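Report on the structure given below.
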Amino acid sequence: MVTTSPLLLSLKLAIAVLVIACPCALGLATPTAILVGTSIGAEAGILIKGGDVLERSQYLDTVVFDKTGTLTIGQPEVRECISLTGITSDRLLQIAASIESGSNHPLAIAIITAAESQGLTLLETTDFNTILGQGMSGKVQGETVCLGNYSWLTSQGIVIEPHYEVTAQSLAQSGKTVVYLALSGELQGLIAIADSLRPDAVQTIKQLQDSGLDTVLLTGDRSEVAQAIAKEVQITQVFSEVKPEDKAQIIKSLQQENKTVAMVGDGINDAPALAQADVGISLQGSTDVAIATADIVLMQNQLQDVIKSIELSRATVDKIKQNLFWALAYNALAIPIAAGILLPKFGLVLSPVWAAVAMASSSLIVVTNSLLLNSQVAKA
Ligand code: ADP
Ligand code: MG
């Protein structure tokens, strides 16, 4: 019942309106949900570098995977060392390992490990030169060594006879990466290296496809190897023999087709593509540059967490929307009541004290709703 003077009444109404209209809940709606979302991620080993990443991740419709070190575990092993001239395969491996001592590429590590396990000592090497996504060059005992993929060696004027290519192709068709080695401009041998698929690669790709996302393979390796791996994981869209700078270009062209693209990669050569993608994702154990460039880092080193990241971002953004709805609904309802909409008909006014209670409850509702994300994502 209203018994106060008009001045007091209008003052009461004004204070109640001011208290109710304090936009606390609106202000809390987004940051609390993002805080809870990113901390759920952190607990699960998914490091998300900022709330905007969560917001962008909800729109993803395409996930692009690098091959070596991303779809594969990145611990390749030398399977065959084929000499094409008089050189012994031990000598071939020894020279290759010496040159690779200047690289930290997974293939380099495979070659060095193989040489060490055969008891071969590394030879003194000078003039190291890394050609990202292609190979290496340098000088071993005064001889120029060129080592890497087909396009790198041929670009150096090294002739690869067609019958050697037949051997290389059959190795590649079985999913092995072929590293060519030339000494003083002449091809000497091939090293076939194989890496195992990550145990969760097939399942991850399938789940992404089942939930309507496009999956793409993007690799610097030759097409036969790319196709062999793509077949195993059931990816149909494949880009192979892609140079590092062109990886970013391919991401850009997908974006120009109105796709929202995530790139999952591990190497230095993936960094431009990780930066170009709407969301760049790296796994723990990737190169420092890839980790620094990525928006999301999967610390558990599991591809499955790509799916978890997308789910988490969608759940977080849903929460933000719910919070904004509640905050707006509260204002839309409470402000007219505070302003005295119920006064003429029902003689009811909202006292400033109750306005304060309502205002605090709206903030509490928003914060509690954000915290509920914990149980919802845990269940999912
Ligand atoms: P991916 O894109 O699959 O991660 P990379 O771009 O790292 O592969 O490498 C592409 C190709 O370049 C390799 O398949 C290999 O043939 C060649 N290559 C790159 N770095 C080296 C290296 N250090 N030693 C030998 N070959 C290399
Ligand atoms: Mg890689």
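In listed order, ligands and their atoms are each counted from 1. What you see is a predicted model, and the numbers here were worked out from it, not measured in a lab.
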Quick test: of every protein heavy atom, which one is nearest to [atom], and how far off is it to 0.1 Å?
| atom | value |
| --- | --- |
| atom 15 (C) of ligand 1 | L107 CD1, 3.4 Å |
| atom 12 (O) of ligand 1 | G133 O, 3.0 Å |
| atom 6 (O) of ligand 1 | N269 ND2, 2.4 Å |

Please determine whether a side-chain nitrogen of the Lys or Arg among [X] and [Y] lies less than 4.0 Å from a carboxylate oxygen of the Asp or Glu.
| X | Y | value |
| --- | --- | --- |
| E165 | R222 | yes |
| R79 | E77 | yes |
| D318 | R314 | no |
| D278 | R56 | no |

Counting heavy atoms only, which of [options] is nearest [atom]?
| atom | options | value |
| --- | --- | --- |
| atom 24 (N) of ligand 1 | E100, M136, K243, H105 | E100 |
| atom 27 (C) of ligand 1 | G135, A172, G265 | G135 |
| atom 2 (O) of ligand 1 | R222, Q134, E241, K247 | K247 |
| atom 16 (O) of ligand 1 | T68, N104, N149, D66 | N149 |
| atom 10 (C) of ligand 1 | A110, G220, P106 | G220 |

Practice problem: Go through the side-chain N and O atoms of S151 and Q134 and say whether any donor and acceptor fall under 3.5 Å apart. | Solution: yes
Quiz item: So, Q376 versus K319: side-chain donor-acceptor pair below 3.5 Å or not?
Solution: yes
Quiz item: Do I48 and D295 have side-chain heavy atoms sitting under 4.5 Å apart?
Solution: no
Quiz item: Nearest to the Mg ion (ligand 2), which N, O or S atom of D66 do we find?
Solution: OD2
Quiz item: In D266, the N, O or S atom nearest to the Mg ion (ligand 2) is which?
Solution: OD1
Quiz item: Under a heavy-atom criterion of less than 4.0 Å, does G69 contact ligand 1?
Solution: no
Quiz prompt | Region of T177 engaging ligand 1 - heavy atom pairs below 4.0 Å | solution = side chain
Quiz item: Which part of D221 is near ligand 1, with near meaning a heavy atom under 4.0 Å away: side chain, backbone, both or neither?
Solution: both
Self-check item: Working for side chain to side chain contact (heavy atoms under 4.5 Å, CB included), residues L342 and L350
Solution: CA-CA 9 Å; L342 302 177; L350 192 65; over 6 Å; no
Practice problem: Look at T68 and state whether any of its N, O or S atoms is less than 2.8 Å from the Mg ion (ligand 2). | Solution: yes
Quiz item: For ligand 1, which atoms have a heavy atom of G148 less than 4.0 angstrom away?
Solution: 26 (N)
Quiz prompt | Donor-acceptor under 3.5 Å (S282 side chain, G265 main chain) | solution = yes
Quiz item: Looking at S98 and V140, what are the two nearest heavy atoms and their distance?
Solution: CB-CG2, 4.2 Å
